[in-house]
Structures are given as structure tokens and as C-alpha cells.
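Reckoned from all heavy atoms, side chains included, excluding hydrogens, waters and symmetry mates. Residue indices begin at 1 and follow the sequence shown.
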Amino acid sequence: MGIGGSIFLIALGAIFAFAVEADLGWLDLAVVGWVLMLAGVALLLVTLYFWNSRRRTVVAAGPARTERVVTDRVVPAQDGRVVEEYREVRRPGHTV
């Protein structure tokens, strides 16, 4: 759902919790509103966590115009060495 869906759930929950005063004997809309707001906040936190842990692509300007994938995390390998990923991609049609 993403950020838009979580903001929608928060807004819909706030409307149910604070603005709607309907009397449904079997359903309390204030409780439904609070549940929707909490679900929206949880979804927002999960979305931001996954967005923060994604790989980022950096495009270098210049005649070669290369792309490289940059990651903040490193993976430890055997013997205490650390492996980092680095990849350059040249677009077809560009000459050096």
C-alpha cells in the first residue's frame, strides 16, 4: 500500500474516531477509528523501514555516464573479511 495508503488509513480512522457520531448498537465507530489509525501508523513505519533498506542507484554525470548500485549494508565473509557489492552498467550507444 505504501505511504499513500497509510495516510489514507490514518485520515479515515481520525474521521471515524472524532467526527462521526452514529449510534450503531453492535459497532463502536470510535474504536474502529482508533484501530484504523494504529494500522495506518504501523503500515507507515513498515513502509519507511523497507524504503530505507533498499539499494540506491547513483548515476554519475559525465561523458561515460555510468550507473552503480550503492548499498549501505555490508556482508561479513570468512576470516573476518567484508564483501561489498559494486557494479557499473554502461548504457548502449554511449562512447567513451
Same cluster or not: are [X] and [Y] linked, directly or through other Ile, Leu, Val, Met, Phe, Trp or Tyr residues, by side-chain heavy atoms under 4.5 angstrom apart?
| X | Y | value |
| --- | --- | --- |
| Val20 | Leu27 | yes |
| Phe18 | Ile7 | no |
| Leu12 | Leu43 | yes |

> Can you tell if the side chain of Leu9 reaches within under 4.5 Å of the side chain of Val41, non-hydrogen atoms only?
Replying inline: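 The answer is no, as the side chains (C-beta and beyond) never meet within the 4.5 Å cut-off.
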> Is there side-chain contact between Val31 and Phe16, with heavy atoms separated by less than 4.5 Å?
Replying inline: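 Sidechains of Phe16 and Val31: no contact.
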Write down the atom of [X], the atom of [Y], and the distance for their closest heavy-atom approach.
| X | Y | result |
| --- | --- | --- |
| Ser6 | Gly40 | CB-O, 3.2 Å |
| Ala17 | Met37 | CB-CE, 4.0 Å |
| Leu29 | Ala22 | CD1-CB, 4.0 Å |

Quick one: pull up [atom1] in [X] and [atom2] in [Y] and give me the separation to the nearest 0.5 Å.
| X | Y | atom1 | atom2 | answer |
| --- | --- | --- | --- | --- |
| Phe8 | Leu36 | CZ | CG | 9.0 Å |
| Trp26 | Leu24 | CH2 | CG | 6.5 Å |
| Ile10 | Leu44 | CD1 | CG | 5.5 Å |

